[in-house]
Amino acid sequence: MGKKQGRLPNLVIRASAGTGKTFQLSNRFLKLAASGEPPDTILATTFTRKAAGEILSRVLLRLAEGAMSPSGAAALAQKLGEPGLDQARCQGLLASLVRQLHRLRIGTLDSFFLQMARSFSLELGLPPGWQIAEETDLAALRTEAIRAVIGQQDTSQAAKLMRLLSKGQVSRSISEQVSELVAELYGLYAESSPQAWEALGFAKPLKPEEYEQALGEFAAADCSTDRRLATAREKALECLRAEDWQAALTEGLLGRIAAGNTSYHNKPLPPPLVQAGQKLAQYCQAMWRNQVAVQTEATGRLLALFDAEYQRLKLAYGVLHFDDVARKLAESPLLARVDDLDFRLDGHVAHLMLDEFQDTSALQWRVLRPLAERVAGPDGRTSFFCVGDVKQAIYGWRGGLAEIFDALEKELPNLSVQSLALSRRSSPVVIEVVNRVFQDLREHVEQWGQDNNSECGAAAYWQQRFSPHQTARENLPGYCELVTAPAAQEGEVQRAVTCRYAAQLIQRLTGEAPECTIGVLARKNDTVARLIYELRQLGVEASEEGGTALSDSAPVQSVLSLLTLADHPGDTTARFHLAHTPLGRALGLVQYDDLEAACRLSAEVRRRLLECGYGPAVAQWVDRVRPYASPRDQMRLEQLVEMAYGYDGGSSLRCDDFVQWVQQSRVESPRPARVRVMTIHQAKGLEFDIVVLPELDVKLLGQSPQLVAARDGPAGPIHRVLRYVSKKTWSLLPADFQHLFEHHEQTVAGEAFCLLYVAMTRAIHVLHMVIPPSAPNEKKLPKTYVGLLRAALTDGRPLPAEKRIFRHGDPRWYKKLRRAAPPGTTAPAAAQPPSMPQPVALRLAPPEGQVARGLQRLGPSALEGGGQVYLPHRLRLESAEVLDRGTLLHAWMEQIGWLEDGLPDDAALRQVAIQLQLARRDLDAELAEFRSLLGKRAIRSVLSRATYQSASQGAKTTPVHATAAIANPHWEVFREWPFAIRDGDTLLSGKVDRLVVLYDGTQPVGADIVDYKTDQLPNDPGAVNKRVEYYRPQMEGYRKAVIHWTGLPAERVSARLLFLYLGRTVMV
Amino acid sequence: MGIERIFLGWRQPGLLAVTDFLQGRFGSAGTLDLEGAIVVVPGARAGRRLLEMLVLRAEAHKLALRPPEIVTLGGLPERLYQAKRPLAGELTQHLAWAQALRQCEPGVLAAFLPSPPAGDDLAGWLGVAEMLARLHRELAADGLDFGDVASRGAALPAFRESARWQALAEVQRQYLALLDALELWDIQTARRVAVRQREYRTDRQIVLAGTVDLNRVQRQMLDQVAERVTALILAPEELADRFDEHGCLRPEAWESAEIALREEQIELAEAPPDQAAAAVRALAGLDGRYCADDITLGVPEEQVAPFLELYLGRQGVATRNAAGTPMAQTAAFRLLAAVADYLENRRFDALAALVRHPDVEAHLVRRRVRPEYLVALDEYYTCHLPAAVGPQGFEPAPEHKTLMALHREVEKLVGGLAGPSRPLVEWGQPILDLLAKLLGHRPMDPAAEPDRQCLAACEALREAVLGWRAIPPSLVPPVGGVQAVRLLLRQVQDQAVPPPQVPHAIELLGWLELPLDDAPVLIATGMNEGIVPSAVRGDLFLPNQLRAALGLDDNRRRYARDAYALSVLAASREHLHLILGRRDAEGNPLQPSRLLLACGGAALAPRVLRLMAPGGEGRRPVPLPAGAPAVSAPAVSAPAVIARPELWEPPRPVKLAEPVTSMRVTEFRDYLACPYRYYLRHRLGLAALDDGAEELDGGQFGSLAHAVLAAFGQSEAASATDPAIIFAFLEKTLEELSAQKFGSDPRPVIRVQLEQLRSRLQAFARWQAEWAAQGWRIQTVEASVAGHDAPLIVDGQPMYLRGRIDRIDVNPATGKSIVFDYKTADMARTPEETHRTGRGADKQWVDLQLPLYRHLLPALGIGGEVALGYLLLPKDTGSTGEALAEWTDEDLQSADDMAADVVRKVRREEFWPPQPGPIEGFDELAVICGEGQLAPQVKEDDKE
Ligand code: SF4
């Protein structure tokens, strides 16, 4: 161990709660950076983006503090054990880190995996452009997949499968049942090997005739000596007839015989009965086992079908879940060549730092392990570091596996282990109570009496990993108590009573210590909701961690009803609700039974959503109801608007989708209240001045799961799965499967201890535990947290109601608070009321006299037709052909200056076509046609210089034609003459096809505008005139531009349309 | 001669300086003739604004203006050379890539695409094709091909991708060969060839206005016309060494350049809406010194922009978001998408979505489909759960005129896109016809919303369709209508419809457009790392180190561009305010932009301390207008806020038009559960209606079972004692009835549910056979009592009971009868369990159905001793059979008393107050009753 030169040791820190994990990580990072390691070779990962952000800011903030003053630098140098780190170096280091901010690799595991998957998506078989999907989209795909799975099966087969899944029952619901199954078990399935589901295997039962024979013998054996025995046999036979193997085996006579008993009520059993019974028991056992095996297998089969379909759909839609990313990576051969990954990942990971290691899942570890092995190797320039706490492993159900943490030391070489048990959070009182509960955990659990092997096992394992805590904050005032709530009266539910009592306590605490934050931590979501309710009843503002659905606000709900109605005008409940809210009135729906009005409103709402998008549309509706809403509701409405803006991208044509999304999304209040209520899981990583635990009467083992499973090694795939069977049948299973169940219970119990540990260690000053009084008939300690706490903190006697059972510390701790608490431990702003919209007066200067920027841009051709468009005309493709031809003709005409100067040859014209991307057309024909057009008199006349010169020849139709008054007239022709002028609030710009300017010397004296038209018109004056009128606004635009440019009076500027196909010019 | 470099300084907004320059160089007495000039700008918006400024300048100085040609960098090359071949359009290129990929040797493909799409998966191949096309475009712009990457990459230490790039090069060769054979070029190739052959020439003056970042081909091109090029650099001459000979940034010179910002110019906000709110407050702080035209809001990322529009809109201030509306959100796009979804396999949910598109709805109504068709459609779905439309599902009976018409019209509408595969180009007109039919039924005004947007979207679609004609047929296989539509949507989905012109609006501009903007006030949001500047970190093809090695755009260049941009902004704006967020819309933390931390030694640490400090105080309130309305546009009315809680309470019951004189026996339960909900459901008849069901619910399952059992009771099999006979009848009847209801081919889940029901019926058959063998006979089934036949006299007044008894059995041997109600719920619950709660003396009636049946019996002519009970058909088939109530006369009397009590209350219309919820079975009324609003959801069922 110890430092090799220039390198930090591979280190595992087992950091108990509150001992400063983030601090350790930032320490490590800073040490590496200070020793000159390029920061982009350090990969530091954690589980939430919030935590990742905290690590990064901690690194930079500590460095910045060091950079501020010599003393700051000295303090940092001391913490890091880097004596050379002075202020200047801090400044330099800070500047360098900040410059490389984009290269720092401090992030979540998910984002690291994501980056890997993106960089290797083709190798991983991912479709181009894949995305991480929103949960709602995945839910839709799951529904789709379930539909497909049910559809794939032959009906009777599917029904059979369903019955196997529901243990023989014929439930009505199929989709629902499958989706529940999928929701509960798919995560497990995804990590299992296919064989896992068949691991139990089948037993070979007796042949039917042997069974019949045994049955006969069993029935015939003489039991006349004992009536009780006869009844017991009859019962056993009944079970056999009903094929209820489990009952046959676990209850009554056969059970006893199977267990090896040969007597009944102290009398020996008749030997023929025993012999036949043993055979029957064997048979039952085989049948029962096969039943369990078949059911397990069926579950696996269904999940396999689902998996295939779900994966296919995800691929087709190009979406993935984070778990898929990890799974793809874990299964990919890429991991075998980690060094090959560096290039595309833009960097070589030389130092790995893993946070919250106990929450790493098996899958994640499979991806990380090669990297970890590489950096932990003896290379000398790389290092491994991780920090975590098995005592806080509360995500077992989600795939976090504390076992990996335990196995780590074996898996990686040269690992030093360091344990931290010095809290930087809690008061001595809190720490002492934590120690009292956990350091003799096993003893406490043993007090529960019999049948607690699993709990004791878990407690022993747990206790081993617990070393007594100390605290660095010795002077922090603190207090801790355990009180009982009143007993529930007739018709009351004890948990409700306990919650109410806890709420009263919290109300008192808010008065006693108004500066302090209070965390109320419960096990279940229901309890959280109840506590919030009770607290509100008492007028205590409390926020629910993670928030609640916005539909908890009536005005929000009115908008949702509007949207429901938009999708379902026939839903009279939505109609009734809406019609009785201010929103309904504002939108003109007052009669709930007015179907016509409802349909009208439905159409209007959907149109508005489509045309404006959800954000603006919802914002408008919200404006209608805001005046009638309370401050809290105004805040919720505003959050609805925010959600609606967030929704726009993926909006479908169904309002239902949005409504559902709102109903299913939890939205936190913009400011946390002082009292925050949450589950213990949510409290992970948080701390509070005061912690209240009101739900301690939950069973340690909780509900049994559908399945139990085991892995092949801590990080291996799941290799054994079995349907859950009741405890009394465990002994009928092969030993390794029995172990599966025991292991499961131990895991659950262990996790329960972790939860309690996490809950208690959130407290800075004070810990209040509220428990129900003992039940009147209590015989022993309950197998709950209550039982555990009572064993640890009391003498174990039954508890009366409303009594303080245990206390430690100073109940008037808050009196000492002001002096003792260092700044920053409490949240000063937390006491503010929730935010609601606030008035701001925005004044702008009037735009008088200023030309608006962003002038309306118009090309004169946009003026054609005077502002009305017929879409069906626009969308005719033939007219596009015509347009193309027009474009080409224009371009060719543009090639011609004066006819007299010669015409372009075919090659030049072809090149023009190529430039215009129009060369694929039938160019020869076009060219021929063009040449023939050029033969027309009117066209030649326009293009010819001579026309302008020969005024005497009677072509004197425009002001540009020579006038006798000009001594030395000359003409200039402009092709595609560009212009840009302002016309009020519009900017007129474009090009004039042909402009001929007549000069007297250098002075322009007249101008002639010619615009080529390729309309296919009949040669009758009516049609031509109509067309001319159509083009008039455009020509006026040109004329304006030319007047502007030349400064000529209007009458000196003529404008003509040249209808090429017609061979006619028309003056406009 | 090299390019002329001119430093215009950065004290004034760039475009102003450019305008000055152009006037100085090209202006003369009376004219400003720029016709011979091409002005190259970095972005389209700058180009438009420059023209505007030139026009205004000419106006102000009374100059006759010949505008220059203003182009963006991307548009310049084609002005300077003549392509010798037609250029392949984007879709053609993609299709050619796809073809090249498909033609590839499997071994070659495997080197970079180990799991290729299926052969006929056009979309799959196009996905890969687009990826390679992008790659090709970027590399070619710097004069490189895939083979170059393979060879030059090899010089990099960690590069192990030579084989992969060689394979890619092979595909690229095939791609080029394909185009070559079609006598086409792609634009990158044309430009490169022109460079190689020194074909760039011009007789015009090229003015580069603030283009500080050019790729290699662009540089080579400019070098060929260098003597005609002037690069205007928006920076002071002193910084000349930070720019190269093309007027571009030298990245290394910007790497550690300080950016001069004052602390108060930087503001830290929380979430995206808070950034917008901070911007509004900053505007308010300007105190009316500037007008809307003087103000630009920078929105480098899209999350903030909508909130700026919202908050300013509420203040009555007009905004214009240069980003426009994404095509995918336009009515036309959504319409085509919905049509394609429907046509794909005519699923019911696709139909339901399609007919909810407002333009489809308007069309249908114009075609005389009744406007309430959505109600009919929902009802139909709820009743029959069709999976698809057409022969497989949605087959409304002729009496369903509305739905028949709906179906007919929808089919007519989409008919043009149905049918067998055809060449892509032939689908163009049918697609446009569909749009024309739905959107173009009236003349439209291109100057007014929403017509303008609709026209623009249609125009974009038409353009794309027009492009199809240039696609060589050999590149596209014949496709179906759905595929054609999807291809079209794929082509346009990344486009945007430009925003409407709004005079005197505050502009919202993306980051790239900001340096050349000329508004004196700039408030920029989104100043976070990863947004400004963005950075590459790892890539499928071009990770940053490879980019750097190949001289492509890399992180250093990005940073240099943005550092330069911010320096320009800091120097040239009268008022600059920069806002950054602490977290994004999802609540994830954001870091400050490196640009904000580009400050000198001593200034850095305090700034880090400020910008990285942990939050915690939560979000600030959202701004609403106060006091006098702002100028420009009418403000939204923001009346003084008055909370009116009473407006949100459940509405009080109103006096019924008619007194209640008749009740169903099943109604009593609802009254007992909650009088208010009873009122809503039974007196007002409120019911939810939607089309979300995935499978049969309990009610539907039950009524089907009831119908089968009713038929059974009337059949000859009713008296059978052979389970086989009974079951045969039940099975046959189930088949018939379900076929009537769900068609011959119901959705799979219903088939399975029917199978489950069949199993329950089988269990029932066994029980029934035994029951019959015990001598029980079915006397009556579905015995209905209505009208005035069964009065329950309360206080001397009759309350007429209505109800339908499922089945009455008698045992002729004993003379006993039993009134049965079938129960098909999953769980088997006895009458006692469903009718009463509580223990011992505290028992309470919660349902009165069975006891009240007694009062129906006289009307059915049944007397004597009658037992009451359920016939259970639960999921646990072992519990199938009778479950009789064992109520004493006393019990029944108390039930009657209870019923009388209910009758009295109903007569008095005592429907208030509602019971606190939630109450099982009344979910649809939860919203009206304010559940989950006044109190959070608290379940009472968490009993120990
Ligand atoms: S049962 Fe008849 S009326 Fe009811 S939805 Fe079906 S087809 Fe329409």
Side-chain angles (χ1 to χ4, degrees), chain A residues 49 53 57 64 67-68 98 102 115 119 125 128 150-151 155 158-159 169-172 174-175 343 345-346 529-530 532-533 554 570-573 577 580 599 606-607 611 627-628 630 645 653 670-671 829 835 837-843 845 847 852-853 856 868-869 871-872 875 919 980 1045, chain B residues 64 67 86 115 127 131 158 284 288 291 293 306 315 353 358 371 375 432 436 440 443-444 450 501 503-504 535 538 543-544 588-589 597 605 608-609 612 617-619 621-624 626-627 639 643-644 648 651 686 688-689 694-695 701 748-749 751-752 755-756 759 875 924 928 933 936 938:
Chain A
R49 290 191 51 179
S57 10
M68 286 294 280
V98 152
H102 62 301
Q115 193 206 349
S119 303
I150 296 170
T155 305
Q169 300 187 321
V170 277
S171 317
R172 167 188 56 80
I174 303 299
S175 300
F343 183 72
L345 291 179
D346 253 333
R530 174 178 292 283
I532 298 260
Y533 173 77
D571 182 334
T572 46
T573 63
H577 181 244
H580 288 90
C599 289
R606 277 178 286 113
R607 179 162 297 280
E611 278 168 5
Y628 310 103
S630 70
Y645 272 106
L653 288 169
R671 279 156 191 274
S835 83
Q838 255 187 13
V840 166
L842 173 57
R843 262 185 330 119
R853 69 177 156 169
Q856 176 87 20
Q868 282 226 320
V869 175
L871 191 59
L875 294 178
W1045 160 254
Chain B
S115 30
M131 205 153 76
C291 73
D293 292 306
Q315 300 277 356
V375 181
L432 297 181
M444 298 171 92
Q501 288 294 337
H504 306 304
N544 191 58
N588 297 313
L597 303 175
V608 167
L609 286 177
M612 307 280 301
E617 64 269 33
R619 298 176 50 181
V622 157
L624 275 186
R644 301 276 303 277
W648 301 105
L686 300 189
L689 179 65
E694 193 55 38
E695 59 185 356
F701 191 78
V749 64
R751 274 191 269 127
V752 182
E755 183 62 23
Q756 300 287 76
S759 299
K875 68 172 178 184
E924 82 279 13
I928 299 175
Q933 296 165 8
V938 173

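All heavy atoms count here, side chains included; hydrogens, waters and symmetry mates do not. Small disclaimer: the values here were computed from a predicted structure and weren't measured.
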With chain A, the option among B:P748, B:C291, B:A436, B:G440 that has the most non-hydrogen atom pairs under 4.5 Å is B:C291

Please report the shortest heavy-atom distance between B:W648 and A:Y628, naming the atom on each side. NE1-O, 2.9 Å

Please look at B:A353 and chain A and tell me whether the side chain, the backbone, both or neither of the residue comes under 4.5 angstrom of a heavy atom of that chain. both

Interface check, chain B: of A:R172, A:Q115, A:R49, most non-hydrogen pairs under 4.5 Å belong to A:R172

Using a 4.5 angstrom heavy-atom cutoff, name the option from B:A688, B:A535, B:P503 with the most pairs to chain A. B:A688

Look at the side chain of B:E695 and the backbone N and O of A:S175, then say whether any donor-acceptor pair between them is shorter than 3.5 Å. yes

Picking from B:E694, B:E924, B:M131, which has the most non-hydrogen pairs under 4.5 angstrom with chain A? B:E694

For chain B, find which of A:D571, A:V98, A:V170, A:I150 contributes the most heavy-atom pairs closer than 4.5 angstrom. A:V170

Can you tell me which of A:S171, A:S57, A:P872 forms the most heavy-atom pairs within a distance under 4.5 Å of chain B? A:S171

Which region of A:I174, side chain (C-beta onward) or backbone (N, CA, C, O), has a non-hydrogen atom less than 4.5 Å from a non-hydrogen atom of chain B, or is it both or neither? both

Nearest-0.5 Å distance, CZ of residue A:R843 to CD of residue B:Q315: 12.0 Å

Sorted by chain and number, sequence neighbours left out, side chain to side chain donor-acceptor pair (under 3.5 Å) with A:H580 holds for none

For each of B:P443, B:S115, B:P450, B:P371, tally heavy-atom pairs with chain A at distances under 4.5 Å, and name the one with the top tally. B:P443

Taking side chain as C-beta onward, heavy atoms only, is A:T572 less than 4.5 Å from B:L689? no

Quick check: closest heavy atoms across B:P306 and A:Y645, and the distance to 0.1 Å? CB-CD2, 3.2 Å

Nearest heavy atoms of A:S119 and A:L345, plus distance in Å: OG-CD2, 3.8 Å

